[in-house]
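Here the structure comes first, spelled out in structure tokens, and everything after it is commentary.
Numbering of ligands and ligand atoms starts at 1, following listing order. Quick note: residue numbers are just sequence positions, from 1.
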Amino acid sequence: MKHQPANAIQDLQFFREQGGVNPSISDSSTYTFLTAKAMSDTFEGTQEGCYLYSRHSSPGNQYLCDALAKMEATEDAQVFASGMGAITSVLLQLCKSGDEIVSSRTIYGGSYAFMKNFLPDFKIQTHFVDITNLDQVEAAINTNTKVLYCEALSNPLLEVADLEGLKKLAVKYNLTFVVDNTFTPLVITPTEFGADVVIHSLTKFINGSSDTVGGVVCGSTEFINALKDVNHGAAMLLGQTLDSLRAASILKNLRTLPIRMQQHSKNAMYLAQCLEQAGFKVVYPGLKSHKSHKKMQQQIHPEFGYSGLLTLDLGTLKQANAFMEALQAENVGYIAVSLGFYKTLFSASGSSTSSEISEEEQLNMGLSEGLVRFSIGLDFDIERTYHAFIKCAKHVGIYSKATAIT
Ligand SMILES: *Cc1c(COP(=O)(O)O)cnc(C)c1O
């Protein structure tokens, strides 16, 4: 039977301990052992089921790990203090001096900066490619390549990775296929198409309340144990541990993710269609005009739609800024980075979340200065929101231009 991530989250039972409907919050940094031998066996990795120290794992964090592993259909998971904590640990675990990475060029700015600026000092080189062009991806692979890296739906251009095609290349060249699924939780299950490791910034849709940062790596038991290894594990040794109080609150928010994703997607689809009809240059993977709409359709769980992100190209940065300020004044949402909040959030990507990418490279990949990324909120009355968009467009003088395009 096809993996249904929402059922996988719902079916996980936490009913145990004192019988609370929520699992207990673990409030300890260290754990006792009944015998001295159990402690030394745990350190040597020959004894399982004992907690050692909370940087390694804790009962509260493990509940969240179990839920996210179920969602992504992996054997296990490890949570981190941030999405970047998860990404940097995975890359440093998989790549040693002399190794190489082939990565999509349209990825989160921080991931890009880490691969472009930070890893070369450790003699780890990255080749950035157009991920939608499998020939270009294959041409960048050589005998030193260890990792193939992409986002299932990319930031900020909303390009769709052909996960099956990429998996074939990963198998052919024996690479670990790592997918950042932050933009499409529940919408896409990358392991169904062969992803070896799936990463999320929990900060975004999964937590959904913009009150904390967090990250997760979902993968095989072998890989997660390698990350946690006391001698060689990047999670254990770099120490980007999620606080267990936060893990408990993220787990509670995860339970409403299915209904939130449905509403984000429904609202984004409605706005994308109406704004496109009104003449705006809209990019949304749910639109027929999106260049990878068919690929996206093949990869999604349709009941969760096409996710909540869309972009509008407003031509110039000046127009983009004027429009964003008008939208904020109209209380449509906030000028802010990040995504997955109940309110709509918007930012001009080139000068904010993708500012790590040079202007020349931005132009190369098609990131124009007037591009605004929207994370569409949970608005109850999206028709009203659409009218506010049009009112703001008229107010800043871009509505006539928008309609003139059609
Ligand atoms: C935000 C984000 C990250 C980084 O996550 P943090 O929790 O901010 O560290 C990584 N990838 C994508 C796609 C993101 O949107």
Side-chain angles (χ1 to χ4, degrees), residues 61 64 68 72 77-92 101 103-116 118-119 126 128 131 147 149-161 163 178-188 190 195 197-218 234-235 238-243 246-247 249-250 253-254 257 261 264 268 285 307-311 336-341 345-350 352-357 365 367 371-376:
N61 285 14
L64 179 59
L68 293 166
E72 290 299 8
Q78 174 76 346
V79 289
F80 288 81
S82 71
M84 282 308 294
I87 292 164
T88 55
S89 296
V90 164
L91 294 178
L92 287 171
I101 299 166
S103 169
S104 167
R105 62 184 181 177
T106 59
I107 50 173
Y108 178 69
S111 313
Y112 180 85
F114 183 69
M115 290 184 229
K116 171 105 178 164
F118 196 98
L119 286 179
T126 302
F128 294 99
I131 203 71
V147 170
Y149 186 94
C150 72
E151 294 173 3
L153 181 64
S154 83
N155 181 49
L157 295 177
L158 309 181
E159 290 177 340
V160 179
L163 297 174
V178 180
V179 179
D180 178 339
N181 199 29
T182 301
F183 277 20
T184 42
L186 304 179
V187 172
I188 296 177
V197 176
V198 180
I199 300 175
H200 284 274
S201 165
L202 300 175
T203 317
K204 315 298 171 49
F205 287 113
I206 291 180
N207 185 54
S209 52
S210 292
D211 57 0
T212 188
V213 288
V216 69
V217 174
C218 303
L238 299 175
Q240 315 235 41
T241 314
L242 181 65
D243 182 78
R246 281 305 192 185
S249 69
I250 296 169
N253 286 354
L254 176 67
L257 183 66
M261 287 315 293
H264 284 300
S307 193
L309 281 310
L310 61 84
T311 68
V337 298
S338 200
L339 47 124
F341 197 39
L345 302 180
F346 32 89
S347 54
S349 299
S352 62
T353 52
S354 295
S355 58
E356 294 92 340
I357 303 169
M365 62 175 72
L367 205 177
L371 189 91
V372 178
R373 184 189 76 190
F374 290 83
S375 164
I376 305 301

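- In this structure, the side chains of I87 and Y149 come closer than 4.5 Å at one or more pairs of heavy atoms.
- Each of the following atoms of ligand 1 lies closer than 4.0 Å to a heavy atom of S82: 7 (O), 9 (O).
- Considering only heavy atoms from C-beta on, I199 comes within 4.5 Å of V90 through its side chain.
- In terms of protein heavy-atom proximity, atom 9 (O) of ligand 1 is closest to M84 N, 2.8 Å.
- When all heavy atoms of L257 and P185 are compared, the closest pair comes out as CD2-CB, 4.0 Å.
- Closest protein heavy atom to atom 4 (C) of ligand 1: Y108 CE2, 3.4 Å.
- Not close to ligand 1: A86, with no non-hydrogen atom less than 4.0 angstrom away.
- Panel note: side chain S347, backbone S349; no donor-acceptor pair is recorded below 3.5 Å.
- Of all the atoms in ligand 1, the ones that sit under 4.0 Å from a non-hydrogen atom of T203 are 6 (P), 7 (O).
- Close contacts between ligand 1 and G83 involve ligand atoms 5 (O), 6 (P), 7 (O), 9 (O) [criterion: under 4.0 Å to a heavy atom].
- For atom 15 (O) of ligand 1, the nearest non-hydrogen atom from the set K204, H200, Q240 belongs to K204.
- For Y108, the ring-ring contact (aromatic ring centres under 6.0 Å, His included) criterion is met by no residue, not counting sequence neighbours.
- Inclusion of D180 in the set of residues having an N or O under 3.5 Å from an N or O of ligand 1 is warranted.
- Close contacts between ligand 1 and I87 involve ligand atoms 10 (C) [criterion: under 4.0 Å to a heavy atom].
- Summarising the geometry of C218 relative to L68, their closest heavy-atom pair is SG-O, 3.7 Å, with the distance given to 0.1 Å.
- Under the 30°/60° scheme for interplanar angles, the aromatic rings of F205 and H264 are found to stand perpendicular.
- Atoms of ligand 1 lying under 4.0 Å from at least one heavy atom of G214, given by number and element, are 7 (O).
- Note on ligand 1: N155 sits outside its first shell, no heavy atom being nearer than 4.0 Å.
- If you check the side chains of R373 and N155, you find a donor sitting under 3.5 Å from an acceptor.
- Every atom of ligand 1 is numbered from 1 in the order shown, and the set under 4.0 Å from a heavy atom of E151 is 13 (C).
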